[in-house]
Number of protein chains: 2
Amino acid sequence: MPISSRLTSDQPRKSTGSRNGHLPDEIAQDLSAKIASGVLSVGDRLPSERDLCTQYAVSRAVVREALSQLKSDGLVAARAGSGVYVTQRDSTNAFRFQNFSVSDLNRLEEAMELLVTIEVAATRLAAKRRTPEDLKKIKRALIGMEYAIASDRLGDEEDYQFHQAIVEATHNQHFISLCQHLEASARNIIRQARSNTKTNHADLLDAVQDEHNAIYDALKNGDEKAAAEAAARHLQNAAERIRIYLA
Amino acid sequence: MPISSRLTSDQPRKSTGSRNGHLPDEIAQDLSAKIASGVLSVGDRLPSERDLCTQYAVSRAVVREALSQLKSDGLVAARAGSGVYVTQRDSTNAFRFQNFSVSDLNRLEEAMELLVTIEVAATRLAAKRRTPEDLKKIKRALIGMEYAIASDRLGDEEDYQFHQAIVEATHNQHFISLCQHLEASARNIIRQARSNTKTNHADLLDAVQDEHNAIYDALKNGDEKAAAEAAARHLQNAAERIRIYLA
DNA sequence: GTCGTTGACTGGTAAGACCATTTTGTGTCA
DNA sequence: TGACACAAAATGGTCTTACCAGTCAACGAC
């Protein structure tokens, strides 16, 4: 442990010379270990930044960078004038949409519940907020999809762009980044399923296009309710199509 | 856009006075947006830290903290003596609920839109699927919250457990992990807001308890519609309370 | 006792400095 | 002319000092 050994060192670490790792990383790791192990429990206040400086024998800049890592991980929260507090024991900071196998129907249902929830809400917001530019981008994706299908391609890339354009029309950053994550994950499965049945799904692709058109129309009209319903219908049908592919 | 406007500002932002949000967060967000949008593509070198300082008119400490966020997100990598390089375009492999500052009302609204969407859907699912054991766990958190308030504590930890117990009652792994992530982030803000007004919010805490009771009753009765409505009301009121704290 | 006020402490930010490494440019020598 | 060695500039990593604004508890006036 390069850090703790430095605690007892009488050498005030003259220069930045012979260290190996990234100083803030070491400290962040040490602190998060203390939190995970329970040495620092939720609600506790960390030592002040200046105290940590002397403890670890580093400058305040380093301590602050270490703390900023913990902050962005959601382990601690700083309150100006008061202190830095432990808010969370383990870092469930990042949400990862679990990859589910196409072959597992149960988990498909589970995943669809979340996907439908998010996408329907996003589409409803988009109906309320979409600008003419948003609408143009959505329309472009829609046409691109049609063209792709006519060109005997799957058009899944255009499909993705269609959904992404809608989500961007919410003008809500949280929705945008969450949907980006969800759809990027979901797309893998869809593509996989689709490519298995390249030959006999012409009718299904038409149905998809109709559903997309319905969403677009609702967005164009600014009809929140219709948009939400169209999105829900589309996603539920999409799930249904995947089930067909599986059979 | 507080950042870009500052770029053209001739005022060298004298003191730390009248700004709203966390400076490094703003810059990190701006940079990651540039990366996601393709203004900076993979392999590109960012401007040097010192250049970024002048661009954003902030100190190097701020720029470094912003960059450290991007680094821990895996978007960029720094090479000493050379520069900072974009290593990844989108962080779609993981969703991170962006930190927003309590002081920024616009971003609060944005965040609440997503939080309400998810929580309401989760509560509706929970009403459908909760087992007696789930119900017991929720009840326990409810009572714990009451006890905490009576003991002159904030009870935010118990509040969190209440919501978590509900989400677990959905028995949907995707909802569980997403909500865990969202609420852990949101809790920081709530706690921060609450602690500011420890003395004069006894009436508000009572209101919270009533809202929680309404949710519990609906879950107990298995009434999906009532549960969703109670959850929506609770969250919207919670947002309203945060606004009060801000004023 | 209650209520303001004060002052020490805390995180947030700024500015300037030094170090080690990388990169680039330059000049020397073959 | 080409390859090589060296120096200078640029860059990230770290340290130091300083000021600001918010928090909070102790103290004193009423």
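Since we're looking at a predicted model, the values are computed, not measured.
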Who are the side-chain contact (heavy atoms from CB on, under 4.5 Å) partners of A:Thr117, not counting sequence neighbours?
-> B:Thr117, B:Ala121, B:Phe175
Looking at residues 78-87 of chain B, who's got a heavy atom less than 4.0 Å off DNA chain D?
-> B:Ala78, B:Arg79, B:Ala80, B:Gly81, B:Ser82, B:Gly83, B:Val84
List in chain and number order the residues that pass salt bridge (charged side-chain N to carboxylate O under 4.0 Å, His left out) with A:Glu157, two or more places apart in sequence or in another chain; answer none if no residue qualifies.
-> A:Arg187
When rounded to whole Å, the OH to C1' distance for the pair A:Tyr56 and D:dT14 reads 18 Å
Taking all atoms of both residues into account, what is the closest heavy-atom pair of A:Ala122 and A:Thr170, and its distance?
-> O-CG2, 3.1 Å
Set of side-chain contact (heavy atoms from CB on, under 4.5 Å) partners for B:Ala230, sequence neighbours left out = B:Ala214, B:Ile215, B:Arg233
Does CD belonging to A:Gln29 count more than 12 external heavy atoms closer than 6.0 Å?
-> no
Expressed in angstrom and rounded to an integer, what is the separation of A:Arg64 atom CZ from C:dT13 atom P?
-> 6 Å
Quick one: A:Leu67 CG to C:dT13 P, roughly how many Å, whole number?
-> 13 Å
To the nearest angstrom, how far is A:Glu49 atom CD from D:dG22 atom C1'?
-> 14 Å
Could you give the CG-to-C1' distance, from A:Leu52 to C:dC9, as a whole number of Å?
-> 15 Å
Whole-Å distance, A:Glu65 CD to D:dC15 P, equals 11 Å
Residues forming a salt bridge (charged side-chain N to carboxylate O under 4.0 Å, His left out) with A:Lys137, sequence neighbours excluded = A:Glu168
Nearest heavy atoms of B:Ala227 and B:Thr123, plus distance in Å = O-CG2, 3.6 Å
Please state how far atom CD in A:Glu26 lies from atom P in D:dG13, giving the value in whole angstrom units.
-> 14 Å
What are the two closest heavy atoms between B:Ser41 and B:Val86, and how far apart are they?
-> O-CB, 3.6 Å
Can you label the angle between the B:His212 ring and the B:Phe162 ring as parallel, tilted or perpendicular, going by 30° and 60°?
-> tilted
Roughly, in whole Å, what's the span from CZ in B:Arg45 to P in C:dT23?
-> 10 Å
So which protein N/O to nucleotides 16-19 of chain D N/O distances come out below 3.5 Å?
from: D:dA18; atom 1: N6; to: A:Arg60; atom 2: NH1; distance (Å): 3.4

